[in-house]
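Structure first, then comments.
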Amino acid sequence: MARTKLPSNCSEIFKRYTKIGVISDIEKEFSKRPSTRVSLSLIDDNRFIKRADISPVVVENFTEAVSNKGVFVPLLLRKNGSRYELVCGRKRLYAAKRLKYWDVPAWVIDVDDEEALLMILADIRDQKDSNIVEFAYVFQTLFEDYSYPQADIATISHQSRSQVTNTMRLLKLPLSIIQMVSRGDLSYGHARTIEPLDEKSQFLAVSLIKDEQLSVRDTEVLVKRLQENPSALEKPVDDILKEKFDATYVHVHKNNVLFSFDNEEERNAFIERLKKI
């Protein structure tokens with residue numbers, strides 16, 4: 001199977017991927033050449049961004065589009081032994097898998113890891129529904145593995161250097177919170193605000209953001225309170241036990257715990273619950 005070769009001069013590659021619409025231009029170039037059908041069972045998600053979940057809403061929208069029109073733009077893949085690794089077309093791939101397609105059209109390109117990263121970055125940058133966590137993983141890899149200055153990353157991504165720094169800081173959060181941001185369950189603004197907290201306070205903050213529907217500004221106030229006193233918003237053990245066991249009154253003192261109930265029926269229900277623990 002013939003593979004399509006892309007430019008190899010570093011400065012030219014940098015210039016090329018800085019331009020808006022470069023991935024569309026590449027796809028137009030390839031459209032003059034026949035694509036090949038590749039079994040979905042042989043295609044792996046891209047190693048650099050596979051930890052970034054995709055919003056279920058986005059997947060649903062692409063699934064509907066692919067269901068109506070098919071995968072009308074072939075995926076960009078590269079060989080990886082006997083298998084293929086995705087370079088561009090991640091949402092189309094997810095939609096095709098959800099629809100249980102057997103295979104998809106693809107162009108197989110010959111690019112190294114560095115250029116693949118630049119292609120992914122340009123592709124994410126030009127999308128209307130960009131995934132901030134995909135940005136973060138690409139930024140981090142270019143910065144740590146390929147020694148790209150943040151200024152150069154900012155140039156390619158069309159962002160400010162401070163935006164690049166803040167985006168990379170997302171990856172300091174626990175993975176479960178990162179995935180919430182990636183899926184759209186927690187906004188980037190909220191995530192960036194809670195990043196300075198310790199892990200326990202981060203999870204507490206996320207819980208309060210969801211339960212109380214806090215705005216980013218409200219979250220900034222919350223973070224300040226937690227930084228000043230990490231236990232300020234924690235419930236006393238007495239209250240936690242009172243809620244858990246439906247007790248009227250609970251008092252914890254040294255090695256003793258006293259439970260009080262309004263009536264015998266509530267007391268007996270409490271005893272039966274303890275038997276099941």
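Worth saying up front: this structure is predicted, and the values here are computed from it rather than measured.
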Ion pair present between [X] and [Y], side-chain N to carboxylate O less than 4.0 angstrom?
X    : Y    : value
R78  : D113 : yes
D45  : R90  : yes
D185 : R183 : yes
E266 : R273 : no
E195 : R192 : no
E60  : K91  : no

[atom1]/[X]: more than 12 non-hydrogen atoms of other groups inside 6.0 Å:
X    : atom1 : value
Q127 : CD    : yes
E228 : CD    : yes
I20  : CD1   : no

Keeping the roles fixed (side chain from [X], backbone from [Y]), state whether a donor-acceptor pair exists under 3.5 Å.
X    : Y    : value
H158 : D126 : no
D123 : I120 : no
Q163 : S160 : yes
N80  : E85  : no

Fill in: Residues that E212 engages under side chain to side chain donor-acceptor pair (under 3.5 Å), provided they are two or more places apart
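In terms of side chain to side chain donor-acceptor pair (under 3.5 Å), with neighbours along the sequence ignored, E212 is linked to no residue.
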- Partners meeting side chain to side chain donor-acceptor pair (under 3.5 Å) with D262 (sequence neighbours left out):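 If we apply the side chain to side chain donor-acceptor pair (under 3.5 Å) test to D262, skipping adjacent residues, the hits are T248.
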Quick check: do [X] and [Y] have side-chain heavy atoms less than 4.5 Å from each other?
X    : Y    : value
I209 : I194 : yes
N166 : Y188 : yes
I109 : L77  : no
M119 : I26  : yes
D198 : Q202 : no
K79  : V108 : yes
P105 : T36  : no
L40  : D103 : no

Q) Given K50 and D44, is the side chain to side chain contact (heavy atoms under 4.5 Å, CB included) satisfied, shown in steps? A) CA-CA 9 Å; K50 65 182 181 181; D44 298 317; over 6 Å; no
Distance in Å, [X] [atom1] paired with [Y] [atom2], rounded so as to fall on 0.5 Å steps:
X    : Y    : atom1 : atom2 : value
F62  : S55  : CZ    : OG    : 11.0 Å
I23  : C88  : CD1   : SG    : 4.5 Å
Q159 : T167 : CD    : OG1   : 5.0 Å
E265 : F270 : CD    : CZ    : 15.5 Å
I49  : R51  : CD1   : CZ    : 11.0 Å
T193 : E220 : OG1   : CD    : 5.0 Å

Looking only at heavy atoms, what is the nearest atom pair of [X] and [Y], with distance?
X    : Y    : answer
G21  : R125 : N-NH2, 4.2 Å
V164 : A154 : CG2-CA, 3.7 Å
A122 : V22  : CB-CG1, 3.5 Å
H190 : L214 : NE2-O, 2.7 Å
S35  : P74  : CB-CG, 4.0 Å
L121 : S157 : CD1-CB, 4.0 Å

Notebook entry, point to check: Looking just at side-chain N and O atoms, do N131 and S182 make a donor-acceptor pair shorter than 3.5 Å?
Noted result: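 Distance-only check passes for N131 and S182.
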Would you say R98 and Y94 are linked by a side-chain donor-acceptor pair, where the criterion is simply a distance under 3.5 Å?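 Side chains of Y94 and R98: no pair found under 3.5 Å.
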Taking a hydrophobic cluster as the set of Ile, Leu, Val, Met, Phe, Trp and Tyr residues connected by side-chain heavy atoms closer than 4.5 Å, whether directly or through intermediates, do [X] and [Y] fall within one such cluster?
X    : Y    : answer
F135 : F14  : yes
V216 : L186 : no
V223 : V221 : no
L173 : L208 : yes
V66  : F72  : no

*Parallel, tilted or perpendicular: ring planes of W107 versus F30, cut at 30 and 60 degrees*: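 Because their plane-to-plane angle is over 60°, the rings of W107 and F30 count as perpendicular.
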Using atom types as modelled, flag every donor-acceptor pair under 3.5 Å from a side chain in residues 139-153 to any protein atom, sequence neighbours excluded.
from	atom 1	to	atom 2	distance (Å)
T141	OG1	Y137	O	2.9
Y148	OH	E114	OE2	2.6
Q150	OE1	T165	OG1	2.4

What's the verdict on side chain to side chain contact (heavy atoms under 4.5 Å, CB included) for F203 and I177, showing C-alpha distance, side-chain angles and the deciding distance?
CA-CA 8 Å; F203 282 110; I177 295 180; 3.8 Å; yes
After noting the C-alpha distance and the side-chain angles of I43 and R83, does the key distance pass the side chain to side chain contact (heavy atoms under 4.5 Å, CB included) rule?
CA-CA 6 Å; I43 302 175; R83 300 182 62 78; over 6 Å; no
Exercise. Between K19 and E12, does a salt bridge (Lys or Arg N to Asp or Glu O under 4.0 Å) hold up when you go through it step by step?
Worked result: CA-CA 11 Å; K19 296 178 181 178; E12 289 302 315; over 6 Å; no
Applying salt bridge (Lys or Arg N to Asp or Glu O under 4.0 Å) to E27 and R92, what does each step give before you reach the verdict? CA-CA 14 Å; E27 290 172 341; R92 281 169 274 158; 3.6 Å; yes
